[in-house]
Amino acid sequence: QVQLVESGGGLVQSGGSLRLPCSASGCPFSTYAMGWFRQAPGKERVVVAAITGDGSSTRYTDSVKGRFTISRDNTKNTVYLQMNSLQPKDTAVYYCAADPSYRMVILGRGMDYWGKGTLVTVST
């Protein structure tokens with residue numbers, strides 16, 4: 001059984017940083033592209049960042065470029081989202097997800113597996 005478990009969320013002041021790890025079990029981790037998604041209150045869930053199985057390529061939504069970094073450690077079956085210069089508009093529940101297709105992760109469609117999410121709240 002595949003499990004994705006996010007952690008690292010919490011309350012942070014505007015301009016601060018957080019690092020979200022997502023650990024995976026029950027799947028051949030390096031064969032899956034991974035994505036970080038977020039869902040703000042009253043809005044739909046959207047993709048924030050994506051990374052290929054080997055970590056060689058990454059993609060970001062425009063609103064987080066230059067502030068967020070996705071990375072992975074396949075020896076630890078973990079993907080990370082480093083978030084810097086956080087702003088109140090970044091407040092959301094953050095989810096990690098896995099799919100064999102990097103293209104599908106970028107599109108945010110048909111993900112095979114989802115974590116349960118971790119809440120990030122950025123105060124003014």
Are Y102 and W36 grouped together when hydrophobic residues (ILVMFWY) are joined by side-chain heavy atoms under 4.5 angstrom apart? no
Correct closest heavy-atom pair for P100 and D112 would be CD-OD2, 3.4 Å
Tell me the closest heavy-atom pair linking A24 and L4, and the distance in Å. CB-CD2, 3.5 Å
Are any of the side-chain heavy atoms of [X] and [Y] separated by less than 4.5 Å?
{"X": "R72", "Y": "F29", "value": "yes"}
{"X": "S17", "Y": "Q82", "value": "yes"}
{"X": "N84", "Y": "F68", "value": "no"}
{"X": "Y80", "Y": "R19", "value": "yes"}
{"X": "V79", "Y": "I51", "value": "yes"}
{"X": "I106", "Y": "V47", "value": "no"}
{"X": "S123", "Y": "P88", "value": "no"}

How many angstroms lie between atom [atom1] of [X] and atom [atom2] of [Y], to the nearest 0.5 angstrom?
{"X": "T78", "Y": "M34", "atom1": "OG1", "atom2": "CE", "result": "9.0 Å"}
{"X": "M111", "Y": "D99", "atom1": "CE", "atom2": "CG", "result": "5.0 Å"}
{"X": "S57", "Y": "I70", "atom1": "OG", "atom2": "CD1", "result": "11.5 Å"}
{"X": "L81", "Y": "L18", "atom1": "CG", "atom2": "CG", "result": "9.5 Å"}
{"X": "T124", "Y": "Q87", "atom1": "OG1", "atom2": "CD", "result": "12.5 Å"}

Evaluate whether atom CZ of R59 has more than 12 neighbouring non-hydrogen atoms of other residues, nucleotides or ligands under 6.0 angstrom away. no
Per side chain to side chain contact (heavy atoms under 4.5 Å, CB included), M83 is matched among V122, T69, V120 by V120
Within the distance-only criterion (no hydrogens, no angle test), does the side chain of E6 pair as donor or acceptor with the backbone N or O of C96 below 3.5 angstrom? yes
Can you tell me if N74 uses its side chain to pair, donor with acceptor, with the backbone of G53 under 3.5 Å? yes
Find out whether the Lys NZ or Arg CZ of R67 is both under 6.0 angstrom from the six-membered ring centre of Y60 and within 45° of the ring's axis. no
In terms of relative ring orientation, are Y113 and Y32 parallel, tilted or perpendicular, with 30° and 60° separating the classes? tilted
I'd like to know if D90 pairs up with R38 as an ion pair, taking the criterion as any Lys NZ or Arg NE/NH1/NH2 lying under 4.0 Å from an Asp or Glu carboxylate oxygen. yes
With sequence neighbours left out, what residues match S7 under side-chain contact (heavy atoms from CB on, under 4.5 Å)? P21
Would you say the ring centers of F37 and W114 fall short of 6.0 Å from each other? yes
